[in-house]
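Scroll down for the structure; my scribbles are underneath it.
Sequence lines set the chain letters: A, B, ... in the order given, protein chains first and strands last, and positions in each chain run from 1. Quick caveat, the model's predicted, so the values are computed rather than measured.
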There are 2 protein chains.
Amino acid sequence: MENPNENPLPLPTIRRYPIFLRAIGEMMDAGEAFISSSVLAERLGLDPVLTRKDLAMAGVPGRPRRGYPAEELRAAINRALGWDSATDAVLVGTGSLGSALLGYAGFKEQNLSIVAAFDANPRLAGSTVHGVKVRPLAEMARLVRRLKVHLAILTVPTAAAQACAETLVEAGVRGILNFSSAQLSVPEGVIVQNVDLAQPLAVLSHAIARHG
Amino acid sequence: MENPNENPLPLPTIRRYPIFLRAIGEMMDAGEAFISSSVLAERLGLDPVLTRKDLAMAGVPGRPRRGYPAEELRAAINRALGWDSATDAVLVGTGSLGSALLGYAGFKEQNLSIVAAFDANPRLAGSTVHGVKVRPLAEMARLVRRLKVHLAILTVPTAAAQACAETLVEAGVRGILNFSSAQLSVPEGVIVQNVDLAQPLAVLSHAIARHG
DNA sequence: TCTGAATCGGTATTCAAGTAGCGATATAAA
DNA sequence: TTTATATCGCTACTTGAATACCGATTCAGA
């Protein structure tokens, strides 16, 4: 099912794309019709050559002394990330972190809409968080399947994460954004991205500790 | 001010250390006195060789057919990360994300205590979130300086981030965990770690989009 | 029209990290 | 006591990404 036309992008490039998108949007708002790699790099504190290579991978030709056409560039990056068409997602676990994510405005820019939220606590069922109705966990499999949702945001306690993940995958989910500290084991073809607060904290405190 | 005795750890190794620490803790709770790289790797779904190299960097010698002494290994990793002694931090911005972080239990395991929280909204001042008193932003510089806090968690709106960062650095902060999407510009020697939700999401949706 | 400067786009090099292979060693079992 | 084996720890090797370099292009201004 893989598409051989699209050449694979380096992972670091993919990670930088959202940052580029924000800056491009701001520059377009400021009236710019062309984005040069040097200006963009300057703005973001990145190497201009690295930036140019990243932009080149989007496939939009740039023009000497002008840069890349802003609108086309943005569209191409969005397409590369799969952010060009609306994507549905569900959120599982409406604790404090889950609730905070339901209010996260950034998802809209990424064409991501959270169509349902679930929680194991039946007393939360029926309540509404940031405009999304919370449903009991028992309804999850059926609803995910019916709505054909392929992306899930997992903000449940670590102990519950693996079981939730299995239910989600069974129901058709292909990608999981995992905020728990469980190491999820999923079948081939399902992609898990862990968001582990301890990792950047480790980098930070290690660097501070070393520098005295 | 750099300590030349400590050899620098690869960044990926540092990021894996918190994951190792959790697993080691669980295995110790289960009564294990020795941790072998193969068992740990199996448990975490990592390459055994890679795991062994990571563990070796902690500087604790392992024994053939046994593995690494659990207690010493954990202590060494904690030391490498600067998590062996208590560290104070402040949190700036008590919106929904900031409040969620104030309730994050993981900080305790990392010997990190949030000693103060600040918010620009004066109406929030005086309230208490997860046991931490919220103070007005105006008190931040003075208090950070007085308490000699070197680490800050920044959960303010993107537009306010740069100004906050400058105040914090001016007051003595050496590391910033930045949850806003601003690209902070800070003086040399100050370390910023960005936590950008859009990045793992980009990796996820890109992969899903490619796989059809 | 001519000249210069900024920018793109490709190639080559360097560097860091992950991977592979293998001998050394201590432990457990025969 | 001997033997088999799991594990460590060292030394290449490979891969992927960042960096450096340089020619090609096109626009702005003289």
Tell me what B:P61 touches on the nucleic acid: a base, only sugar-phosphate, or nothing, going by heavy atoms under 4.0 Å.
sugar-phosphate
Does A:R146, at its CZ atom, have more than 12 non-hydrogen atoms belonging to other residues, nucleotides or ligands within less than 6.0 Å?
no
Can you establish whether the number of heavy atoms outside A:E166 located under 6.0 Å from its atom CD is more than 12?
yes
When rounded to the nearest 0.5 angstrom, what distance separates CZ in B:R52 from CG in B:L46?
13.5 Å
Between atom OG1 of A:T167 and atom CG of A:L137, what is the distance when rounded to the nearest 0.5 Å?
7.0 Å
Produce a footprint string for nucleotides 17-30 of chain D: one letter per nucleotide, 5' end first; B if the base is under 4.0 Å from any protein heavy atom, S if only the sugar-phosphate is, - if neither.
SSB-----BBBS--
What is the distance from [atom1] of [X] to [atom2] of [N], rounded to the nearest Å?
X     : N      : atom1 : atom2 : result
B:F34 : C:dT27 : CZ    : C1'   : 11 Å
B:R15 : C:dA16 : CZ    : C1'   : 13 Å
B:L46 : C:dT19 : CG    : C1'   : 14 Å

Is any side-chain N or O of B:S36 closer than 4.0 Å to OP1 or OP2 of D:dC8?
no
Is the shortest heavy-atom distance from the side chain of A:I35 to the side chain of A:F20 under 4.5 Å?
no
Got B:L40 and B:L55 here, is their nearest side-chain heavy-atom distance under 4.5 Å?
yes
Is a side-chain donor-acceptor pair under 3.5 Å present for A:T158 with A:S181?
yes
On a heavy-atom basis, the closest approach of B:S99 and B:T94 is OG-O, 3.3 Å
Members of residues 191-204 of chain B that approach DNA chain D, where some heavy atom sits under 4.0 Å away:
none
